[in-house]
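What you are looking at is a predicted structure, and each value in this text was computed from that prediction instead of being measured. Throughout, a chain's letter reflects where its sequence line sits, starting with A, and its residues are numbered from 1.
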2 protein chains.
Amino acid sequence: MPDTTAAFIQHDHSACQSKALAYVTEQCAAKGLRLTEARRRVLEILLESHTALGAYDVLQRLNTEGYSAQPPIAYRALDFLVEHGFAHKVERISAFVACHFPGQCHAPAFLICRSCRTVAESRSARQVNPLQADAQAMKFSIEDTNVEAEGLCQSCQSEQGA
Amino acid sequence: MPDTTAAFIQHDHSACQSKALAYVTEQCAAKGLRLTEARRRVLEILLESHTALGAYDVLQRLNTEGYSAQPPIAYRALDFLVEHGFAHKVERISAFVACHFPGQCHAPAFLICRSCRTVAESRSARQVNPLQADAQAMKFSIEDTNVEAEGLCQSCQSEQGA
DNA sequence: AATCGATATGTTATCTTATAACAATATCGA
DNA sequence: TCGATATTGTTATAAGATAACATATCGATT
Ligand SMILES: [Zn+2]
Ligand SMILES: [Zn+2]
Ligand SMILES: [Zn+2]
Ligand SMILES: [Zn+2]
């Protein structure tokens, strides 16, 4: 039974935002992780929508807030968020999205619209790692898996695609 | 039942090579595609092993053969091979591998060793697109899917990993 | 064989993405 | 307060990818 974020349909996105931010705040407190100013701001920027942002997009956003930051600032914050499962890197488009199933996150699975860069995260698709059987058979130890499908969301299909 | 390339175990690799090259040659003839000198050379370079090569690795190989090529030469050849399913891009490591199941290729699935960059392609893991149900539910049209698992192959585990 | 459109290559320059390296600060427990 | 550890600031550069345009090649048509 499909179970994805509501990225492609109208929804109460402020609920997405507050839920994720609350979870991350709580997790950081619980695990002694430091959710510093820069890290929190980057997370908030990612949480503004379900659109994937490049590291330099994030950087530009920081800089329009008087922040005067260089690339490592953005990459470090993003690395922190990704390392702890609060955000994901979407490999196909070298971009980042906030995680909307934090705490339940193993192998993220995404539907990526190539036109509007909106990304829906799927919970159902990542319950079973499709490569697990192969890995076991060859004694390969999997550390991280990504499943990504690129295409067109419904509304971009209507607009003929890009 | 697992079914991957023998990338991580000893095998008769010349069979991998000749089979793939023969198939590509035949397909190009059948479909009127032009397997030019540069494209064939790049394919042969990729086929030398099951190790993923970056575009600039390929370029360097071309140049050590007197070829004097610039980046677009490599990227164009790689794009041609990827477009027709003769090679794949491994997104996680921005690198390319020859396809070892040409003609049966839909959504490629890979086991990627982060230490030696060897890549095993799985046929079984891609029979069913794990995101298909989600896509249908939200009327998202999938054009291309990649499934990638990174970790350590058996022999790199023995060496403690990197 | 000459012509012509389409495809592919050669070449230069530039853009985007990501990290190395090291100095300066801040944090937090002993 | 001290000192180890983690974080930030800053400069420079590495690595990956493409834009743009000139030239050459291919292959069908006359
Ligand atoms: Zn939302
Ligand atoms: Zn879209
Ligand atoms: Zn082989
Ligand atoms: Zn290995």
Side-chain angles (χ1 to χ4, degrees), chain A residues 28-43 45-46 52-63 65-84 86-97 112 114 117 146 148 150 162, chain B residues 24 28-43 45-46 51-63 65-84 86-97 112 114 117 146 148 150 162:
Chain A
C28 286
K31 295 187 182 167
L33 303 173
R34 290 163 58 187
L35 187 59
T36 61
E37 173 71 13
R39 292 168 176 174
R40 162 171 244 116
R41 274 308 296 135
V42 169
L43 177 61
I45 288 168
L46 291 182
L53 296 179
Y56 282 75
D57 295 328
V58 169
L59 185 59
Q60 194 170 4
R61 282 293 314 278
L62 290 175
N63 282 332
E65 301 175 359
Y67 214 100
S68 182
Q70 296 300 314
I73 301 294
Y75 279 103
R76 286 165 182 161
L78 289 166
D79 288 348
F80 169 85
L81 296 172
V82 169
E83 182 184 349
H84 296 96
F86 304 144
H88 301 295
K89 181 170 183 191
V90 185
E91 301 287 347
R92 285 184 76 98
I93 56 175
S94 296
F96 299 85
V97 287
I112 307 155
R114 68 171 159 82
R117 286 171 68 100
N146 60 294
E148 305 181 349
E150 193 166 0
Chain B
V24 171
C28 286
K31 295 187 181 169
L33 303 172
R34 289 163 59 185
L35 188 59
T36 61
E37 173 71 12
R39 292 168 177 174
R40 161 172 245 115
R41 274 309 295 135
V42 170
L43 177 60
I45 288 167
L46 292 182
T51 301
L53 296 178
Y56 281 73
D57 296 328
V58 170
L59 185 59
Q60 195 169 3
R61 283 292 316 277
L62 289 175
N63 282 332
E65 302 175 1
Y67 212 99
S68 182
Q70 296 300 311
I73 300 295
Y75 279 103
R76 286 165 182 161
L78 290 166
D79 287 347
F80 169 86
L81 295 172
V82 168
E83 182 184 349
H84 295 97
F86 304 144
H88 301 294
K89 181 170 184 191
V90 186
E91 301 287 348
R92 284 184 78 97
I93 56 176
S94 297
F96 299 84
V97 287
I112 308 156
R114 67 173 159 82
R117 283 172 70 101
N146 60 293
E148 304 180 350
E150 194 166 0

Rounded distance in Å - CG (B:L59) to C1' (D:dT18) | 14 Å

Rounded distance in Å - CD (A:E37) to P (C:dT27) | 12 Å

Which base sits across from C:dC22 as a Watson-Crick or G-U pair, both distances under 3.5 Å?
-> D:dG9

Closest of C:dG10, D:dT11, D:dT8 to the A:Q70 side chain is D:dT11

Phosphate OP1/OP2 of D:dT25 contacted by B:T36 side-chain N/O (<4.0 Å) = no

Below 4.0 angstrom from OP1 or OP2 of D:dT18, is there any side-chain N or O of B:Y75?
-> no

Could you walk me through whether B:R41 and B:E65 pass side-chain contact (heavy atoms from CB on, under 4.5 Å), step by step?
-> CA-CA 10 Å; B:R41 274 309 295 135; B:E65 302 175 1; 2.5 Å; yes

To the nearest angstrom, how far is B:F80 atom CZ from D:dT18 atom C1'?
-> 20 Å

Using a cut-off of strictly less than 4.0 Å, decide whether A:R34 has a side-chain nitrogen or oxygen near OP1 or OP2 of C:dA26.
-> no

Within this structure, what is the CG-to-P distance between A:L35 and C:dA26, rounded to whole angstrom?
-> 19 Å

How many Å lie between CZ on A:R92 and C1' on C:dT17, as a whole number?
-> 18 Å

B:L78 atom CG is separated from D:dT18 atom C1', nearest whole Å, by 14 Å

5'-most contact on DNA chain D (nearest-nucleotide basis), A:A77 vs A:Y56, goes to A:A77

Expressed in angstrom and rounded to an integer, what is the separation of B:I73 atom CD1 from D:dT18 atom P?
-> 15 Å

Whichever of A:P72 and A:D57 has its nearest DNA chain C nucleotide further upstream toward 5' | A:D57

Side-chain N or O of A:K89 less than 4.0 angstrom from OP1 or OP2 on C:dT17?
-> no

So A:F86 and A:H84, would you call those rings parallel, tilted or perpendicular, with 30° and 60° as cut-offs?
-> parallel

In whole angstrom, what separates B:Q60's CD from D:dA14's P?
-> 15 Å

Heavy-atom nearest nucleotide on DNA chain D taken for B:R76 and for B:F96; more 5' hit belongs to B:F96

Enter the distance from B:L53:CG to B:I93:CD1 here, rounded to the nearest 0.5 Å.
-> 9.5 Å

Nearest-0.5 Å distance, CG of residue A:L81 to CZ of residue A:R40 = 11.0 Å

Could you tell me whether B:R92 and B:E150 make a salt bridge, using a distance below 4.0 angstrom between a side-chain N and a carboxylate O?
-> yes

